[in-house]
Amino acid sequence: MTSIRRDILIGLVCLALAVALPFAMPGRYVITQSTLFFIWAIVVVQWNLVLGIGGIFSLAQMALFATGAYATAMLGFYWKVPMLAAIPMAGVITVAVGMLIGLACLRLRGPYVALLTLAIAQVMYVLIVNDTDCFTTTGGCMPLFGGVRGIGQFGDIGLRALFPSKWYVAHYYVGLALLAVAVTISIIVIRGPLGLAFRALRDNPGYAMSRGISRFKYQLWIFAVSAFFTGIAGGFYAIHFRVVGPTVFSFSTLLFLIAMIVIGGLGSIWGPLLGAAVLMLADEGMRELSDYRNIGLGLLLAVFVIAWPNGLNGWLQRSRASRN
Amino acid sequence: MDVLIQIVASGLTLGAMYAVATIGLSLVYGSLNMLNMAHGAILTLGGYICYAAIVHAGLHPALALLAAAFVCALVGLMIYFSAALPLLRAENFETNIFIATIGIGSVIENLMLKGFGPYPIPQPLAVDGQVVIGNVHIPLQNVFILGVAIVLMVGVAILLQRTSAGRAIRATSMNREAAQLMGVRVGRIYAQVLALSGALAAVSGIMISSIATLTPVMGGDPMLKAFIVCVVAGLGNVYGAVVAAIALGLLEAATQYVLGVRWSFATLLLLVILVLIWRPYGLFGKQQVVRL
Amino acid sequence: MKRSSKLTTPNVIAGSRRNFLIKGGLATAATLTGMPAMLFSMNNEARAEGDPIPVGQCGPTTDFAAPDGIEFKNGLTLACEEINALGGILGRPLEPSFEDTAQMGDATNVQAAQRLVDRHGVHAILNGYNIGSGAAIQEVAADNGIIYVHYDTTIGHNNLVKSNPDRYWGSFQGDPAEYWYGPGFLKFLQGLEENGEWKRKNNKMAVILSAGVYASNIANAVKEQAKSYGWDISLFETVSVPASEWGPTLAKIRQDPPAVICITHFLPADLGQFALQFASNPTPSLVYMQYGPSIPAFRDIAKQAANGIIYATVVGALQDEIGTAFEKRYKEKFGPNAGHNSGAQPYDGAYVWATAAALAGGTGEPGNNDQNRKVAARMSSMIWRGVTGTTRFMPLENAAYTYPTQVNDSSLGMPHQFLQIQDYTKGPGLIAPAPYGTTKFMMPPWIKA
Amino acid sequence: MAEATLEIVDASAGYAGRIVLDAIKLSARKGELTAIVGPNGHGKSTLLKAISGLVPVTSGEIYLDGLRIDRLRPDQIVERGVIQVPQGDLLFPAMTVHENLLMGAYANSDGLAERLDFVFTLLPKLKERRNQTAGTLSGGERRMCGIGRGLMAGGEVLMLDEPSLGLAPIVIEQIYEVIFNLRREGRTILLVEENAERIAEHADMIHLLDNGRIAWSGLGAELMARPEIVETYLGV
């Protein structure tokens with residue numbers, strides 16, 4: 001079986017299972033948590049393109065996610081743009097921001113990229129949070145970016161009105177559809193020319209350069225591609241929670257998501273998804289420990305990385321290879 | 001004039017706090033290419049151990065400081081054996097160790113929350129009194145911290161420059177394989193560096209908590225600032241880090257006075273971004289990540 | 001339900017309920033002469049042995065606000081134990097579950113609240129505060145038709161409920177909005193001057209706030225009304241957290257000494273440092289701080305520098321018969337350093353809700369809007385005298401009245417307490433408002449007459 | 001003939017699953033210059049790394065004066081006196097020449113002063129540059145510094161990995177002059193070199209490494225007399 005066929009098969013099986021889930025387990029909690037899982041999965045699948053395929057240690061993905069969420073909310077709040085138009089617009093805005101960040105990172109390598117992108121995210125956070133001047137006073141003092149309180153009441157995609165008691169199931173399917181597209185894009189990127197170019201750049205930079213594969217161009221491309229869907233996911237997040245606040249920049253969320261990628265397996269197609277599923281289940285399971293939850297999560301994170309440094313995906317592949 | 005003195009005093013205090021936090025972090029990065037995300041938690045642990053040793057065990061402050069340094073050095077060793085050693089054998093060391101130390105840091109932080117509770121606690125190891133320059137009163141504690149930062153820097157510098165062990169650390173950081181060919185036992189060097197950085201973290205935690213008070217989450221902010229300092233100085237550059245820390249402290253204090261406190265952190269971060277774009281390897285860094 | 005915390009029988013209640021009545025001792029007498037007696041009698045000899053009623057709380061039990069988050073958890077735990085000992089709600093015991101909101105962003109808060117509903121099916125969410133917009137968990141309560149009592153202390157709640165009372169009927173803010181800190185503080189200063197206890201040296205007031213809805217709303221309220229009380233805001237400075245080095249800010253204050261320094265930033269460790277650094281070279285200014293000094297750690301940090309500092313709370317345990325009895329029970333259970341003032345918030349909230357629910361004939365599970373609307377109606381019509389004073393909700397805004405700024409009858413509003421640390425080795429003295437005050441205002445030692 | 005100092009018996013070695021060296025058998029005798037020649041990428045450097053313990057030996061043994069060393073850590077091997085001057089210039093670029101030399105004596109600092117004198121006499125250029133940062137030296141000076149650093153260890157066996165690589169002809173001559181001098185002084189030297197011609201007449205023994213195996217062994221002078229071997233394996 002060729003790898004692309006295998007990917008399609010795995011994808012279709014997962015999709016079928018996910019479509020069936022609300023019928024099999026109609027509990028609201030499972031559905032809403034799965035929706036959240038879809039949102040984070042979109043982010044990690046796109047982040048993986050930059051981190052695992054591009055080999056760029058960027059921590060800017062949550063800032064891009066926040067850009068998408070804030071752009072959606074602000075378009076709705078200040079200009080009353082309908083949400084169905086605002087979300088794709090937010091995607092485009094996020095691409096622009098993503099390419100700017102990509103440009104800033106061009107000359108940097110390794111941990112310097114990590115620190116630069118983190119600094120960019122932190123500046124955005126600090127500027128939003130420390131803004132206490134009122135931009136408008138509709139509904140109380142409202143700073144331009146909403147300050148600490150965030151932005152709410154910017155509109156909806158209408159599914160709440162359409163399915164008053166089952167809107168969360170509708171959101172579940174929206175999230176699932178977005179994830180399916182995001183994963184398809186990621187397969188195309190990884191298996192396609194962009195992935196090839198990066199592999200060439202990584203394995204033999206001199207040769208790749210001599211064949212006209214320019215790091216500059218591809219690095220910008222990969223930032224742009226991954227930014228688009230991350231921005232869309234941010235927009236959907238805003239709609240789903242009805243409010244966007246500066247917590248989307250939270251360092252702990254960022255760490256949680258990057259841990260998903262590393263635990264799942266950097267650079268692989270299904271690894272990040274697997275990692276996201278494992279960590280969200282672990283997060284859920286650890287709630288049983290109440291006070292010891294964070295200790296358990298921390299231990300789990302360390303143990304996973306130390307035991308399987310190539311990620312769960314790498315481990316699965318190796319154990320399959322050794323069986324054959 | 002008083003304002004200027006006050007800004008310089010505050011800037012030096014902040015700078016000294018950042019500098020003590022940075023030295024250990026920078027050393028570990030310099031020799032292992034390891035961003036130790038547990039540094040903040042270890043630093044906090046040092047502060048708490050010192051507090052517990054003085055208040056609960058009734059130890060002399062000097063002994064308490066040693067006890068804290070010792071315990072944190074052990075934690076550093078533990079990180080070496082449990083995380084760094086196994087991960088050094090695999091690929092993607094930099095990302096893996098980043099994640100693993102996040103996990104370890106979170107465990108330490110939450111154990112402290114369980115053990116010492118969430119309330120802020122004053123650090124008993126503190127110097128009373130103040131010096132007066134003009135009309136500005138500067139707590140001796142702040143002067144003390146600046147002194148400790150300088151002593152630590154000089155101590156680390158002497159260790160690195162003048163001793164055989166220090167040369168081996170630097171050699172390992174520059175070229176691991178070549179160092180092995182000189183008969184350097186690299187594993188032991190890494191263990192020593194992590195232990196040393198743990199001990200340094202303990203001292204810096206005690207110093208910082210004497211001004212900012214002890215809470216389980218207090219390490220986060222100094223660690224973030226330490227990263228900024230490291231970037232500006234060039235990762236792994238210990239001297240550069242101390243100079244950059246003090247310069248950033250002064251800049252922060254000046255921004256707080258001139259532009260207002262709320263813009264100070266954003267200004268620092270913007271500076272970092274500019275430095276990285278303009279000089280990708282830090283102000284004192286070389287093209288390759290070369291330390292010292 | 002492994003996650004719900006196990007409740008133990010509180011030590012005020014020995015053995016059976018009958019014993020509780022007969023030899024309940026000092027604390028019990030206080031409990032049972034007050035409003036809890038009403039709940040007890042409604043339960044009509046029933047024992048809390050029916051199906052448990054799940055209740056929930058989402059609060060910051062980790063991260064920077066953990067000191068309060070843990071007290072909120074303690075407060076609700078104690079309330080549930082006591083209420084269960086009184087027979088629960090018409091014989092059904094309360095079973096609390098807790099969710100951590102860590103840094104308390106709106107999204108985190110909403111997820112935590114939603115989890116309480118989805119996982120545990122809670123009939124009510126009884127919170128302390130969560131910093132955030134203070135207008136997000138109300139959506140969860142509205143979507144699920146449950147009761148939500150919180151102490152977010154924000155005008156955002158009032159505005160939200162007012163905007164659509166038919167949607168947010170189940171959400172209650174157990175204390176007055178933070179807005180009232182502003183006019184309340186100015187009024188307090190006016191009172192000091194009228195009584196001749198203190199005289200302003202100039203008309204300047206420095207306001208120091210931190211980023212955040214709470215601190216900035218209070219600061220803005222002070223700024224807004226300062227003119228009408230004859231004050232000029234000479235400095236309006238936003239600090240960022242953590243703020244351990246106050247030098248540059250103090251330099252501005254010392255350059256142009258104001259008569260009053262009003263700090264609405266509220267983290268005790270930061271405020272302790274301010275007190276220390278201010279005391280080394282003070283200006284003759286009255287120093288007011290928001291909230292932080294109520295945490296004992298503030299006094300531990302600031303030591304002598306804390307003497308003379310004034311702070312206020314619109315919701316805190318009173319130093320009266322009910323309040324001190326509560327403090328005693330609380331500290332017996334959670335240790336001498338436990339912060340009963342924070343614990344008092346969900347404690348009172350739980351009692352108000354439980355009593356209203358008993359009056360309404362029981363609570364409703366999520367989706368049972370009809371029953372919970374009845375509970376809400378009872379809550380709106382009650383005047384509850386608890387450990388923090390009187391809880392009486394403003395119609396259409398579902399937030400407590402504040403006394404004396406909003407109502408001038410102490411039995412109809414929650415007292416906006418002004419306290420002063422006069423001897424750092426002891427607890428603070430309640431200096432206003434009457435009739436609750438226990439001590440007189442003391443001129444801060446750094447102000448020479 | 002002197003006894004063998006370093007003896008490699010059927011040693012195989014390689015990286016993660018890929019065998020680079022296949023059952024190598026050779027020895028370096030005391031006081032002799034043993035050369036390993038062969039085209040690039042056929043395992044010459046890996047052999048030295050395997051001897052130094054940087055690459056694991058998967059089968060076979062390595063002995064130093066009859067004591068087995070192939071299971072030891074790199075630092076233990078250095079301690080026993082097997083010193084490698086690695087390929088290129090793996091100097092410590094931010095250290096001074098002097099510090100680099102001191103690093104050479106890290107494992108064995110007895111008689112440091114005499115050894116430093118010896119190195120400075122042998123390589124006077126290093127004395128001039130002693131306080132200069134190694135990263136700022138010229139290519140030839142760096143190579144000298146690497147050799148000097150190796151000599152500082154005062155080991156039994158000196159292994160040099162392509163000391164002439166990438167240098168100008170005149171500098172190569174200087175470097176080899178130093179090496180041949182050492183040989184004349186009675187040092188045991190194991191030399192890896194791509195260019196067989198350059199060293200053939202000076203080497204006591206020559207081993208030709210091809211595809212991870214020893215393809216030919218013989219006295220140094222013999223190799224040049226066998227043009228068919230030179231042509232087949234060294235493509236000259």
Side-chain angles (χ1 to χ4, degrees), chain B residues 2-15 17 106 109-110 113-114 117-124 126 128-130 132 135-139 141-142 208-218 220-222 249 252-266, chain C residues 60-71 102-103 208-211 216 235-255 265 267-273 276-282 292 295-303 334-335 337-339:
Chain B
D2 283 348
V3 167
L4 197 65
I5 296 170
Q6 178 63 61
I7 289 173
V8 170
S10 295
L12 288 178
T13 309
L14 288 169
M17 277 166 66
S106 160
E109 182 184 314
N110 283 286
L113 178 64
K114 288 253 108 191
Y119 285 106
I121 301 171
Q123 175 61 259
D128 280 334
Q130 47 189 353
V132 183
N135 283 318
V136 179
H137 295 240
I138 302 162
Q141 180 66 23
N142 299 16
I208 292 170
S209 62
S210 71
I211 286 195
T213 65
L214 276 167
T215 58
V217 292
M218 73 165 235
D221 186 65
E252 187 173 350
T255 329
Q256 290 190 351
Y257 182 80
V258 178
L259 291 181
V261 178
R262 64 172 153 156
W263 301 118
S264 65
F265 192 43
Chain C
T61 47
T62 61
D63 223 295
F64 66 89
D68 287 325
I70 287 171
E71 300 303 348
Q103 298 189 350
I208 296 165
L209 63 152
S210 59
S216 60
L235 177 69
F236 195 78
E237 178 82 324
T238 309
V239 300
S240 43
V241 185
S244 56
E245 176 56 45
W246 290 91
T249 308
L250 282 169
K252 289 188 205 179
I253 289 175
R254 284 171 188 145
Q255 252 185 338
H265 177 50
L267 290 183
D270 293 351
L271 295 179
Q273 289 307 322
L276 282 173
Q277 292 168 31
F278 173 77
S280 70
N281 183 14
I295 307 286
F298 172 82
R299 284 178 281 149
D300 292 346
I301 296 163
K303 302 250 162 52
F334 302 112
N337 287 324

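Order of the sequence lines sets the chain letters (A, B, ...), proteins ahead of strands, with each chain counted from 1.
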- line: Heaviest contributor of heavy-atom pairs below 4.5 Å to chain B, chosen from C:Ala297, C:Gly247, C:Ser280, is C:Ser280
field: Nearest-0.5 Å distance, CZ of residue B:Arg262 to CD of residue C:Glu237
entry: 8.5 Å
query: Side chain, backbone, both or neither: which part of C:Ser210 has an atom under 4.5 Å from a heavy atom of chain B?
result: neither
query: What's the shortest heavy-atom distance between C:Lys252 and B:Gly260, and which atoms?
result: NZ-CA, 3.9 Å
query: Less than 4.5 Å apart, any side-chain heavy atom of B:Asp2 and any of C:Arg254?
result: no
message: Quick check: do C:Gln273 and B:Thr213 have side-chain heavy atoms less than 4.5 Å from each other?
response: yes
task: Quick one: pull up CG in C:Leu250 and NE2 in B:His137 and give me the separation to the nearest 0.5 Å.
output: 11.5 Å
- prompt: Between C:Thr249 and chain B, which part of the residue has a heavy atom less than 4.5 Å away: side chain, backbone, both or neither?
  reply: side chain
- prompt: Top residue by heavy-atom pair count (under 4.5 Å) with chain C, among B:Ser264, B:Ala212, B:Gly11?
  reply: B:Ala212
query: Between B:Gln256 and chain C, which part of the residue has a heavy atom less than 4.5 Å away: side chain, backbone, both or neither?
result: both
- prompt: By a 4.5 Å heavy-atom criterion (distance strictly below it), what part of C:Glu245 contacts chain B: side chain, backbone, both, or neither?
  reply: both
task: Examine whether an atom of C:Ile301 lies under 4.5 Å from a heavy atom of chain B, and if so say whether it belongs to the side chain, the backbone or both; otherwise answer neither.
output: both
query: Where on B:Ile211 is there a heavy atom nearer than 4.5 Å to chain C: the side chain, the backbone, both, or neither?
result: both
- prompt: What heavy-atom pair brings C:Thr62 and B:Asn110 nearest, and what distance separates the two atoms?
  reply: CG2-OD1, 4.2 Å
- prompt: Which answer fits B:Ala253, side chain, backbone, both or neither, if we ask what part of it has an atom under 4.5 Å from a heavy atom of chain C?
  reply: both
- request: Please look at B:Met218 and chain C and tell me whether the side chain, the backbone, both or neither of the residue comes under 4.5 angstrom of a heavy atom of that chain.
  value: neither
message: Looking at every heavy atom in both B:Tyr119 and C:Asn337, which two are closest together, and how far apart are they?
response: CE1-O, 4.1 Å
- prompt: Which pair of heavy atoms, one from C:Ala251 and one from B:Gln6, lies closest together, and at what distance?
  reply: CB-CG, 3.7 Å
query: What part of B:Asn142 gets closer than 4.5 Å to chain C, counting heavy atoms only: side chain, backbone, both or neither?
result: side chain
